[in-house]
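Below is one structure, written out as structure tokens, with a few remarks after it.
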Amino acid sequence: MKPTISIIAPVYNEEEVLGELHRRVAEVMERQPDSWELLLVNDGSRDRSAEVIAQLHKKDSRVKGISFSRNFGFQVAVTAGLDHAQGEAIILTDADLQDPPEVYPEMIAKWREGNDVVYGIRQSREGETWFKLFTAKLFYRLIYRITNINIPLDTGDFRLMDRRVVDAIRRMPERNRFLRGMVPWVGFKQTGVEFQRQARYAGEAKFNSIRKMLPFAIDAITSFSYFPLQLATFFGFVCAALSALAIIVVIIVRLFLATPWLEGQATTLVSVLFLGGVQLISLGIIGEYLGRIYDEVKGRPLYLVDKTWGIDSVNGNQ
Ligand code: UDP
Ligand code: MG
């Protein structure tokens, strides 16, 4: 029988937290009238996470698991979860208990009131640097300005989604996946509940450096906007206008002034280097899109499944 609520958690090297995650989820959900499943997607962990999932499944058949053949990344792990969850509503959570299971009943209540997406809004973010907070704010402002996709501030990936939202997302086959943007894009009735984001239960955070965050930001922008491409056009017009002006100035100077103004290598060098820079940046921007188009065209599977626990058939974009 299909469960009413599916809880999906992507797992990458989380052997220490899975037992506690299961305990807390079970404690909360057993007080709810709805049937449920906890679907753990093992994203190529290098620790014993897979064995822990197998044990949990043996002990409690409501725990189900998928193990990838290697690490495919957070967004893909979540996608596999959405592909295999059976619930009428799906709750997406981090495995590390930063998103407390105690919020689920409130999310489920809002869903029963007729909302299709219920975001978790972080009231406080303990243990985050001001740098992360500042860049996050700047990033969501920018996204809104250039795409008109309104990603609610202070939300992460912790959310409940109705079956029809999940089915809509499953129809978006793109390889560069930015779920925080894809969910608002889908539309339907979306709302939020506030919660206190906890510190990680155990283990280490994986998204903590600018090196990890920057590709995420570029993926987000390129999947939802042509703005960077239009930027090249804009630079082109500005440079063309400036050089048209410069040509007039140079002609006038040559014809009417006797002074040897605007001569020498420096002027030439500076203008050539400037244009070279602008051109390389524009090429780079085109390259970012081209690479992503190449990824799409190759049409490779999004993920490869190694093992499953409690899942009848492997489906989805394989
Ligand atoms: N995660 C994953 N694949 C990865 C990296 C992370 O599935 O390549 C999972 C991880 O196990 C956790 C969630 O994504 O459940 C969020 O990761 P983390 O807690 O490290 O990120 P943060 O809370 O710092 O954003
Ligand atoms: Mg975390």
Side-chain angles (χ1 to χ4, degrees), residues 6-25 38-53 56 63-85 90-101 103 119-137 139-140 151 153-159 175-180 195-217 219-220 302-307 316:
S6 297
I7 296 140
I8 302 177
V11 172
Y12 181 57
N13 298 346
E14 306 280 11
E15 58 179 6
E16 296 151 90
V17 299
L18 293 177
E20 180 68 7
L21 174 72
H22 171 247
R23 194 189 67 73
R24 292 258 303 267
V25 168
L38 173 62
L39 177 53
L40 300 169
V41 184
N42 175 26
D43 185 11
S45 299
R46 268 169 288 184
D47 64 357
R48 294 186 53 257
S49 296
E51 282 116 85
V52 178
I53 296 174
L56 288 172
V63 178
K64 297 177 183 162
I66 303 173
S67 222
F68 284 173
S69 61
R70 63 167 171 88
N71 178 263
F72 282 91
F74 172 86
Q75 308 284 337
V76 176
V78 170
T79 305
L82 297 181
D83 286 341
H84 295 91
I90 280 155
I91 296 175
L92 195 61
T93 174
D94 279 4
D96 58 8
L97 287 166
Q98 281 194 286
D99 310 322
V103 186
Y119 295 103
I121 302 171
R122 301 164 177 171
Q123 253 186 347
S124 62
R125 295 176 75 172
E126 278 163 37
E128 306 256 37
T129 55
W130 70 265
F131 179 73
K132 179 146 185 188
L133 297 182
F134 174 75
T135 46
K137 199 161 192 163
F139 171 67
Y140 288 119
I151 301 174
L153 269 182
D154 293 324
T155 62
D157 289 291
F158 184 32
R159 65 191 53 176
R175 258 112 261 275
N176 289 290
R177 306 181 74 77
F178 177 59
L179 277 157
R180 288 185 198 183
F195 77 103
Q196 309 273 349
R197 190 150 160 102
Q198 314 287 314
R200 186 173 241 288
Y201 176 72
E204 271 168 33
K206 283 104 203 165
F207 298 100
N208 38 14
S209 63
I210 198 104
R211 220 186 74 228
K212 299 259 175 65
M213 297 308 290
L214 204 62
F216 176 70
D219 265 350
L302 263 179
Y303 54 86
L304 292 173
V305 172
D306 176 19
K307 273 190 221 126

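What you see below is based on every heavy atom in this structure, not just the backbone, and it leaves out hydrogens, waters and symmetry mates. Just so you know, ligand 1 is whichever comes first in the structure, and atom 1 is the first atom listed for that ligand.
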Numbered atoms of ligand 1 (with element) below 4.0 Å of [X], judged on heavy atoms:
X     : answer
Asp96 : 19 (O), 23 (O)
Gln98 : 19 (O), 22 (P), 23 (O)
Pro10 : 7 (O), 9 (C), 10 (C), 11 (O), 12 (C), 14 (O), 15 (O)
Ala95 : 15 (O)
Asp43 : 2 (C), 3 (N), 4 (C), 7 (O), 8 (O)
Glu14 : 10 (C), 11 (O), 12 (C), 15 (O)

Gap between atom [atom2] of [Y] and atom [atom1] of [X] - 0.5 Å precision:
X     : Y      : atom1 : atom2 : value
Glu14 : Asp43  : CD    : CG    : 10.5 Å
Ile8  : Asp157 : CD1   : CG    : 11.5 Å
Ile91 : Arg159 : CD1   : CZ    : 12.5 Å

For this session: Just jot down the side-chain contact (heavy atoms from CB on, under 4.5 Å) partners of Ala217, sequence neighbours excluded, or say none.
Result: Phe139
Problem set entry | All side-chain contact (heavy atoms from CB on, under 4.5 Å) counterparts of Glu15, not counting sequence neighbours | Asp47, Arg48, Ser49, Val52
For this session: Determine the minimum heavy-atom distance between Gln196 and Gln123, stating which atoms define it.
Result: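 What the structure gives for the nearest pair is NE2-OE1, 2.9 Å.
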For this session: Specify the closest pair of heavy atoms between Val41 and Ala80, including all atoms of both residues, with the distance to one decimal.
Result: CG1-CB, 4.2 Å
Exercise. Are any of the N/O atoms in Gly73 less than 3.5 Å from those in ligand 1?
Worked result: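 There is no such contact.
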Exercise. Partners of Arg24 by salt bridge (Lys or Arg N to Asp or Glu O under 4.0 Å), sequence neighbours excluded?
Worked result: Glu102
For this session: Decide whether a cation-pi geometry holds between Arg70 and Phe68; the criteria are a distance under 6.0 Å from NZ or CZ to the six-membered ring centre and an angle within 45° of the ring axis.
Result: no
Exercise. Quick one: does ligand 1 sit under 4.0 Å from the side chain of Val11, the backbone, both or neither, non-hydrogen atoms only?
Worked result: backbone
For this session: Give the contacting part of Asn71 toward ligand 1: side chain, backbone, both or neither, where contact means a heavy-atom distance below 4.0 Å.
Result: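 It is the side chain that gets close, since no backbone atom is under 4.0 Å.
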Problem set entry | Phe216 ring center near Phe74 ring center (under 6.0 Å) |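 No.
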Problem set entry | Per atom 2 (C) of ligand 1, closest listed option by heavy atom (Tyr12, Phe68, Phe158) |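 Answer by nearest heavy atom: Tyr12.
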Exercise. Between Asp83 and Leu302, is any pair of side-chain heavy atoms under 4.5 Å apart?
Worked result: no
For this session: With the Mg ion (ligand 2) as the centre, enumerate protein N/O/S atoms below 2.8 Å in chain and residue order.
Result: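 Less than 2.8 Å away from the Mg ion (ligand 2) sit Asp96 OD2, Gln98 OE1.
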